[in-house]
Each structure stands twice: as C-alpha cells, then as structure tokens.
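These notes are about the structure you will find just below.
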Amino acid sequence: MKNIILATHGNLSFEFKNTLELIVGKTDNIKCFGMTKDKSSETGKKELSNLIDSVDESNLIILTDLFGGSSANICMELLLQGHKFKLLTGLNLPMLLSLVTSDNDDISIDDLTNKIIDSAKSGVVDVNKAISERS
C-alpha cells in the first residue's frame, strides 16, 4: 500500500478521509493536513514535513485541493528542496476512491497516479449535457 497525505485548506482533508471511510471502511495509510488562516506558512511547512518524515517518502502520494494554494505551494517547495514524493493537485472524491481501491503492491506510483488522474477527470460530468444527448 502507498502512503497518502491529503493536504488541503481548512478541514477539507479530514472530511475527505471521513467520507472515504464511509464508503470503503477504515484506512490506516492516509494522513491529513489542513492549512488554516491561523497557521503560518512556516508552521504549516514544519507540520507537513513531520508527516512526510513519518513515512517512506519513495512510496508517498500527496493530494492537495488546489494548484497554487498554500498546501500545494508548501509541497512544491519541499519537492524543490529534494524530497521525492509524488504530488497531485485537484483532489476530488473519485480520485481518492480510485487511489484507495486500485492501490496494491504490483502497481507503480506512476501507473497509479495516471489512473487516478483519469478518474479525477472522468468524475466531472455535465449531467444536463449528458441528459440532452440521450434525448
């Protein structure tokens, strides 16, 4: 199993994990980080670094909610300093479900991230357009 960190604004990461566990059951390989307005970027960086240091970084995928957001920026800074985790932005529930249900020891991080990116994209559907195309 891959190590996973959800890093978002506010408590969104914790709520994603709670929602995921409603669907798939308890997950032990997911840690959460929330950047709040009361947390300085230095404090956030230290907290995220501690989470990263607590797992095998070569087997780590970090999902953030927003490219250019504070959590993603901290993670990018850590990557630029030499960390080796995989970082993806645009976290959504289909992406997270795909990650947890597709993960196994036989799939590489690159193959797994390609799969979850596809799941994230296909999870966005213009339902009105789909209905009108069926008519």
Give me the atom names and distance for the closest heavy-atom approach of [X] to [Y].
X    : Y    : result
D111 : I107 : CB-CG1, 3.8 Å
G10  : T36  : CA-CG2, 4.3 Å
A120 : N92  : O-ND2, 3.2 Å

Find the distance between [atom1] ([X]) and [atom2] ([Y]) and round it off to the nearest 0.5 Å.
X    : Y    : atom1 : atom2 : value
L99  : M1   : CG    : CE    : 8.0 Å
L112 : D103 : CG    : CG    : 5.5 Å
I117 : T89  : CD1   : OG1   : 8.5 Å
K115 : S108 : NZ    : OG    : 12.0 Å
I30  : E21  : CD1   : CD    : 6.5 Å
L91  : L6   : CG    : CG    : 6.0 Å

Should [X] and [Y] be regarded as members of a common hydrophobic cluster, given that ILVMFWY residues are connected when their side-chain heavy atoms come within less than 4.5 Å of each other, either directly or indirectly?
X   : Y   : value
F67 : L63 : no
L60 : L96 : no
L51 : I4  : no
V55 : L87 : yes
L88 : I5  : no

Test of understanding: with side chain to side chain donor-acceptor pair (under 3.5 Å), list the residues that count as partners of K84, not counting sequence neighbours.
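Result, side chain to side chain donor-acceptor pair (under 3.5 Å) vs K84: none returned.
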With sequence neighbours excluded, residues passing side chain to side chain donor-acceptor pair (under 3.5 Å) with K45
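Once residues adjacent in sequence are excluded, the partners of K45 under the side chain to side chain donor-acceptor pair (under 3.5 Å) criterion are E77.
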Is K17 atom NZ crowded by more than 12 heavy atoms from other residues, nucleotides or ligands, each under 6.0 Å away?
yes
Is atom CD of E42 surrounded by more than 12 heavy atoms (other residues, nucleotides or ligands) closer than 6.0 Å?
no
For the side chain of [X] and the backbone of [Y], is there at least one donor-acceptor N/O pair under 3.5 Å apart?
X    : Y    : answer
K2   : N104 : yes
N11  : F14  : no
S119 : P94  : no
T43  : K39  : no
N29  : N3   : no

Applying salt bridge (charged side-chain N to carboxylate O under 4.0 Å, His left out), which residue pairs with at least one partner in residues 53-65 are found, sequence neighbours left out?
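Salt bridge (charged side-chain N to carboxylate O under 4.0 Å, His left out) check on residues 53-65 returns no pairs.
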Find out whether [X] and [Y] are in side-chain contact, i.e. whether some heavy atom of one side chain is under 4.5 Å from a heavy atom of the other.
X   : Y   : answer
L93 : I23 : yes
F16 : C32 : no
S49 : L78 : yes
I62 : F33 : no

